[in-house]
Amino acid sequence: MDVLLAALKLLADPYVIFLIIASSLFGLFVGAIPVLTAAMAISLLVPVTFFMAPVPALAVIVTTAAMAIFAGDIPGALLRIPGTPASAAYADEAYAMTKKGQAELALGAGVVFSAIGGIIGTIVLVTSAPALAEVALKFSSFEYFWLVCLGLTCGVFIARGSQTKAVMSLLFGLFAATIGMENPAAYPRLAFGSVDLGAGIDMIPAMVGMFAIAEILRVVSQASVHVPPIYGASGPIFAGQWGLIKRYPKQWLRGSAIGTLVGALPGAGCDIAAWMAYGSSKRFSKEKEKFGTGHVEGIVESGAANNASVSGDWIPALVFGIPGDSITAIVIGVLYLKGLNPGPMIFQNQPEIVTAVFIVFFIANILMVPFGWLAIKASVHILRVPRPVLMPVIMMFCIVGAFAITNSAFAVAVMLVFGVLGFFMEENGFPVAPAILGIVLGPMLENNFFNSMIKADGAVWPFFERPIAGALGVATLAVWGAMIYFALRRRA
């Protein structure tokens, strides 16, 4: 109780309260702009935290990350342009709901279930951090290989239409991920002597190209065709959300569990959690045929997974000093700068600071509801702008953001090339979501496969010898077998 009171005293400072509110608004702003990610928002704040005490510095990082991850849903739902990679998993679903006049339901579900997932993830972080971190440390390259395979399978599950075309789209994404020197041999593959290509294909420009630029090209191609206006979230945001909570309890609980567990795995992060949760939602849904047409069930589960993984990422970071993703990698650096060495002893040496961070997680997810409502209401004006005016503005944001990532024009070229490819893929029935997933997980798949093959000396059985790896491997192969069986059955 003394530790809790000391933590509350640290947070009761008006200066800390002001920073939490300001960082909430900053996270919402950055997350809602395509190309700017949550990790980029945290990176911009690091120089500011140099002049802060430990608790205010960590409070700023926690609040900004939670708000930015949710805010990526807003442009995804209104414009089909995911603000962060984590929102790409269900951007098509949310946009389909907006076209049906259900933007309020889609965005309301995004903010409500992001808050619920974040709170559940924080409860797990508070109560089970050491135990979950122990499990996470048992993951070797074998377990990560099967986990990535399972995540890639979700890319085929979530695709609407032909599964064959979804597999081809996924393979294209994996192919794009092989370009460059980021491979176990550090050999410049498909670089053709170009230094820029040697650095590989960056995920963010490719994702923005296949979603945003492809959408701009689609609008231009339909310039002579009358397109009915899309109405944004002008009605009540939270109407019907209590009904969704009662209707889909398994979905938001399962999404929160997936997000927390995947977030606790070093290097996994909320991107994989969102894709796996959306695939899980479709796999176990009683209304599979509605997915892709504007069905809120997938948003409920993957939205909860998004923010639950933000809390899960902190488990290995605090307990063992191992970053769960790029955000917690920055957090570990800030902890060391403040003289707080992450590890088991931090819970004994600075318990009031750790407790204060836990409380900030709860505060951030509670604030997400009213602040998210304000952000959604402000963003509704986007759709009132005439499309001939709106699309060039979006194009400008995309170009500036892509250039900012690598400080080179090459990222802009990648974005434009993938935008044209994405446009022609969708025009011919090839979904772009599996391709993006392939680009995201391709390097992780290759590195863990080669590391595992080296450890196994070229043998296959070591991939199944470890208990967790064996369970994940059998589950992955069972899913693949079921997909092949049902595909052959439908053909017959």
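Quick caveat: nothing in here was measured; it's all calculated off a predicted structure.
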Taking the side chain from [X] and the backbone from [Y], do they hold a donor-acceptor pair closer than 3.5 Å?
| X | Y | value |
| --- | --- | --- |
| T63 | V60 | no |
| S169 | A435 | yes |
| E93 | H295 | yes |
| S302 | G298 | yes |

Given side chains that start at C-beta, do those of [X] and [Y] come closer than 4.5 Å, heavy atoms only?
| X | Y | result |
| --- | --- | --- |
| R247 | W242 | no |
| S311 | T260 | no |
| T122 | N365 | yes |
| S281 | F291 | yes |
| Y144 | N447 | no |

Open item on the list: Can you tell me how far apart CG (L147) and CG (L152) are? Round to the nearest 0.5 Å.
Closed with: 10.0 Å
- [ ] Look up atom CH2 in W480 and atom SG in C149, then write down how far apart they are to the nearest 0.5 Å.
- [x]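 Going from CH2 on W480 over to SG on C149, the span is 4.5 Å.
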Task: Nearest heavy atoms of V414 and A206, plus distance in Å - done: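 Closest pair (atom of V414, atom of A206, distance): CG1-N, 4.3 Å.
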Open item on the list: Parallel, tilted or perpendicular: which one describes the rings of W314 and F361, with boundaries at 30° and 60°?
Closed with: perpendicular
TODO: Not counting sequence neighbours, which residues clear salt bridge (charged side-chain N to carboxylate O under 4.0 Å, His left out) with E297? List them please.
DONE: none
Please name all residues satisfying side-chain contact (heavy atoms from CB on, under 4.5 Å) with [X], sequence neighbours left out, ordered by chain then number.
| X | result |
| --- | --- |
| F175 | T178, L190 |
| V420 | L217, F424 |
| P462 | F142, A456, A459, E465 |

Open item on the list: For residues 66-77, which residue pairs pass the side chain to side chain donor-acceptor pair (under 3.5 Å) check, not counting sequence neighbours?
Closed with: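 Qualifying pairs: D73-S87, D73-Y90.
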Task: Pairing residues for F464 by the ring pair (Phe, Tyr, Trp, His ring centres under 6.0 Å) criterion, not counting sequence neighbours - done: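 With sequence neighbours excluded, F464 shows a ring pair (Phe, Tyr, Trp, His ring centres under 6.0 Å) to W146, given in chain and number order.
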